[in-house]
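Numbers restart at 1 for each chain; the letters A, B, ... are given by sequence-line order, proteins then strands. Please read all numbers here as calculations on a predicted model, not as lab measurements.
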Amino acid sequence: MYDFNKIEKKWRKYWEENNTFKTDLWDFSKPKFYALDMFPYPSGVGLHAGHAEGYTATDIISRMKRMQGYNVLHPMGYDSFGLPAEQYAVTTGNHPNGFTQKNIETFTNQLKCIGFDYDWSKTLQTSDPKFYKWTQWIFKQLYLDGYAKYIDMPVNWCEELGTVLSNDEVIDGKSERGGYPVVRRNMKQWVIDQAAFAEQLLAGLDEVDWPESTKEMQRNWIGKSVGAHVIFKVDGFDKQFTVFTTRPDTLFGATYCVMSPEHSLVNEITGSEQKEAVEAYQKECATKSDLERTELNKEKTGVFIGAYAINPVNNTKIPIYISDYVLATYGTGAIMAVPAHDDRDYEFAKKFNIPIIQVLEEVTGTPHENENKKSSIVAIVYDRENDKYLTINWGKNGGRLFVGGTRHDGESALDCALREIKEETGYVDLELICEDFKINHHYYAYNKDTYFNIEATPLLFELKSDKRENQQLDDDENFSVEWVSKECIEDEIVDELHKKSFEYVINPSAMVGDGIHIHSEFLDGMNKEEAINTMIDWLEDNHVGSKQVNYRMREWIFARQRYWGEPVPVVYLEDGKIHVLDDDELPLVLPELEDYKGHGGMAPLENATEWKKYSHNGVTGVRETSTMPGSAGSSWYYLRYIDPNNDLEFANQELLKHWMPVDLYIGGPEHAVGHLMYSRIWNHYLYDKGLSPVREPFKKLVHQGMILGANGIKMGKRYPEFAIDPLDIVRDYGADTLRLYEMFMGPLEASKPWSQQGVEGAQKFLDRIYRLYTSEKIQDKENKNLEKVYHQTVKKITEDFETLNFNTAISQMMIFINAVYKEDVFPREYAEGFIKLLNPVAPHISEEIWEILGHDNTMAYEAWPVYDDTKIVEDTKDIAVQVNGKVRATITISVDEDEESIKEKALDAENVKRHTDGKEIVKVIVIKGKIVNVVVK
RNA sequence: GCCUGCGUGGCGGAAUUGGUAGACGCGCUGGACUCAAAAUCCAGUGUUAGCGAUAACGUGUCGGUUCGAGUCCGACCGCAGGCACCA
């Protein structure tokens with residue numbers, strides 16, 4: 001066994017002493033490559049297996065790129081503001097920085113142990129005043145440009161944590177950290193207007209090479225929806241309100257309006273009789289936490305407020321309700337409700353007995369010219385006692401159907417259905433259960449040779465008794481009446497209209513699909529899209545509405561009642577005005593406190609009575625005491641690595657132009673919307689201001705998967721017994737083994753279980769390599785037997801590294817080493833080439849072997865091996881011969897062999913003959929260089 | 001409920017994008033070396049039948065397209081992650 005401990009220590013020392021991985025940022029002579037890891041929060045627990053995986057991946061890429069002649073920037077730093085350090089400060093009374101620095105030191109040593117090629121001269125910490133000076137400076141620019149605002153707004157308040165939380169810090173109504181209940185509360189808050197960037201954030205997603213799932217999550221988070229604002233007047237008041245809807249085409253079907261309980265107009269227009277009930281309901285909603293609201297969301301609740309709105313399109317008076325299913329914070333906080341075509345409105349209308357008006361009909365069948373129009377019904381009768389449905393079986397002349405028929409002039413759908421049931425089946429004792437939405441059906445009647453377009457009403461009845469009268473059948477009506485089960489209906493009723501009718505009545509719900517409009521005057525006959533546009537034009541022409549885009553994404557709450565964060569650099573003057581600090585007052589440094597605990601929901605900085613008082617150049621006031629959220633520093637740290645010690649600006653513009661964007665960014669999928677959205681917002685802002693050279697900061701993004709315990713269970717706090725400490729692996733097997741194993745486990749993005757035997761296998765492979773390189777086999781000779789596999793190996797590994805398929809690249813290394821073991825001579829040229837391919841994955845042992853091969857310099861800058869494609873293509877190839885798709889033989893062909901000759905060889909193969917003997921050869925398919933398939937009968 | 005992935009040997013996982021399914025590793029079996037063991041090296045290893053050539057079956061289930069399907073299409077089942085009254 002090679003002495004990995006000694007070798008690894010030796011080379012880490014060498015790299016450090018020789019500044020091997022120090023990047024000269026001003027060297028623009030080579031192409032640049034910026035590889036970035038998501039920097040860690042320096043927790044006391046230290047590095048875990050998942051960190052090691054992602055960091056190894058970027059390390060491999062940066063080492064390969066360096067050898068390919070790139071100037072590589074691969075930095076590491078710390079997201080060092082955060083809760084654990086603050087809790088430590090609260091309990092011990094010590095400043096959190098000491099705790100933080102101790103953790104950072106541990107973390108750095110651990111990272112160094114794994115042999116990453118970080119340039120430690122460019123490290124940073126978000127809690128370092130030299131860094132957060134510029135976080136504050138960027139915040140100041142956001143404020144001066146109107147994107148950072150101090151406004152009164154509903155926030156997520158967590159009583160246990162004593163702070164507000166952003167939406168992505170709240171999960172299922174509980175705090176992400178600790179799982180404490182969160183309630184909504186109005187508070188004056190610093191926010192960043194991220195919705196202002198929504199459109200360009202959406203557009204930017206099309207430019208970047210990111211996982212599709214992450215892009216989709218960001219799109220959903222932004223939540224763009226296009227629709228219209230519609231203005232409703234309040235009947236009897238000189239008041240109006242606006243609703244947002246994505247379905248202005250259904251305005252003729254609006255039968256009521258709903259306001260959120262918090263809507264400002266509610267109290268002004270509530271009728272005196274309803275006042276008490278309305279106030280009770282408002283109170284009930286206000287005290288509910290978000291958690292309760294989502295949990296209790298099964299059943300719709302609400303109250304009629306005694307006022308009416310006027311539908312602008314037809315001047316109909318419709319009632320106004322309040323309900324918590326309408327959110328105060330989305331859209332305008334009020335909606336028009338169209339129960340026929342919206343699930344939530346349907347549910348509410350059913351519960352409160354509000355009329356449901358259908359304005360859109362689903363279309364079935366295929367339209368045709370010269371159709372006859374008529375109205376008809378489909379009557380479905382249910383016998384509850386026997387759980388059967390009434391059908392009529394036309395046999396060969398139309399199959400199984402429900403009772404159907406044409407409506408006479410002036411006859412209602414109900415009367416028509418009762419008449420038809422009686423005529424066709426004789427049943428008369430029926431109870432109407434529901435009359436569902438009409439369906440617009442096109443069909444061809446063979447017996448009449450006519451095309452029809454009918455408006456069919458599905459109805460559901462329940463059979464009350466077997467009472468029957470005589471059927472009244474026409475001469476051509478020849479069928480049997482049959483009671484059948486639901487399953488039978490699903491199998492046997494194939495007519496589109498009848499199938500759809502059954503679906504409708506069995507599960508009554510809103511009709512949310514597309515179709516053609518009815519009862520909508522100037523929209524009649526239009527489909528959804530056409531009607532939406534027409535209605536928007538109408539609203540704009542009549543000044544009662546307009547086209548409107550809405551986003552789910554709201555203000556980003558940008559302040560926390562915490563100590564261990566960047567102080568917000570503003571002062572409140574005596575007259576209430578906001579004064580932002582001058583540049584030369586930055587950084588605004590956190591003061592030392594006696595007591596780091598916030599009392600009674602107040603920010604801990606409230607304890608800093610002296611620090612709070614502001615007096616500078618004759619301006620006096622009180623400082624803001626909340627601090628920025630954890631995501632502030634991480635929103636721009638990737639820019640600072642490019643120029644980490646600059647005191648004059650956050651980074652030199654020339655350097656930024658050269659180094660941005662980040663070429664490869666690797667980190668966990670848990671940051672898909674939080675950090676990765678906030679970073680894009682800050683960078684988009686800086687780009688607009690001309691301070692960042694690119695709009696999208698991260699060109700290519702990859703999420704490493706989770707490393708699970710050996711039993712497939714998540715490691716971590718809940719199952720510490722399965723946790724793998726990567727430092728234990730380094731101690732017992734070596735850093736190279738850890739790196740190699742984690743890269744060989746499986747695809748980078750996948751979650752994969754840990755295997756101790758797999759680790760041993762990785763170590764065995766490195767030892768096998770070491771033994772080979774210390775054997776007599778390496779000679780200054782040629783060995784033609786290895787030529788092809790060597791060039792294949794160079795090609796495969798180069799390509800697989802580029803696409804981050806490390807597991808298959810390593811598999812190719814094993815194939816190569818296995819091949820060399822079978823040979824007596826390992827040509828020095830191949831030996832040196834291979835060790836360069838291994839270097840990015842296992843740098844310590846590679847450097848050692850490089851030295852054994854007689855070199856006295858680091859191999860970090862050695863040229864990456866090149867392959868010769870002509871050495872890979874073979875003259876001959878074994879291809880499979882199939883008979884009827886089953887492989888029966890393999891034949892050897894030369895690369896340029898013609899089709900006829902291949903065909904001949906294939907048919908001549910012994911086992912092929914056996915399977916074609918006595919059979920007719922229908923055809924022979926020859927796919928050049930791949931396969932032959934003989935089709936026989 | 002909706003969105004996005006994913007289902008392949010005993011296990012981790014390959015498969016040139018429609019062309020010999022199971023590369024490579026782990027494990028297991030046998031052999032060599034050894035007094036012996038470990039380590040190492042060599043060989044074998046999808047399942048079933050057969051001494052064997054070989055045959056049948058085989059990529060979650062059912063169906064389809066195709067000369068040919070792990071790969072494409074449709075329906076379903078299961079797992080993971082995300083979102084969830086967003087009008």
Gap in Å between the two [atom1] atoms, one belonging to [N] and one to [M], rounded:
N	M	atom1	value
rC11(B)	rG44(B)	P	23 Å
rG74(B)	rC79(B)	P	23 Å
rA23(B)	rU8(B)	P	16 Å
rC77(B)	rU61(B)	C1'	7 Å
rG50(B)	rG60(B)	P	29 Å
rA84(B)	rU47(B)	P	48 Å
rA15(B)	rC2(B)	P	33 Å

Please confirm whether the backbone N or O of Y2(A) pairs with a side-chain atom of D767(A), one donor and one acceptor, at under 3.5 Å?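 Here the side-chain-to-backbone pair exists.
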* Asked: Within the pair R552(A) and rC83(B), is there a side-chain N or O less than 4.0 Å away from OP1 or OP2?
  -> no
Next item on the list: Check whether any side-chain N or O of R888(A) sits under 4.0 Å from OP1 or OP2 of rU54(B), and answer yes or no.
Entry: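 Result: no.
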Mind checking [X] for me? I need base, sugar-phosphate or nothing, with any heavy atom below 4.0 Å counting as a touch.
X	result
I927(A)	base
P211(A)	nothing
K928(A)	nothing

Within the sub-3.5 Å range, which N or O atoms of nucleotides 69-74 of chain B have a protein N or O partner, and how far apart are they?
none

* Of N220(A) and M336(A), whose closest RNA chain B nucleotide lies nearer the 5' terminus? ->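 Of the two residues, N220(A) wins.
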Per the O4'-C1'-N9-C4 / O4'-C1'-N1-C2 angle with a 90° window around 0, rG9(B) comes out syn
Per atom distances to the M814(A) side chain, the nearest of rG19(B), rG25(B), rG13(B) is rG25(B)
RNA chain B in dot-bracket form (Watson-Crick or G-U pairs under 3.5 Å, [ ] crossing, | inter-strand) is (((((((..(((......[....)))((((((.......))))))((((....))))..(((((..]....))))))))))))....
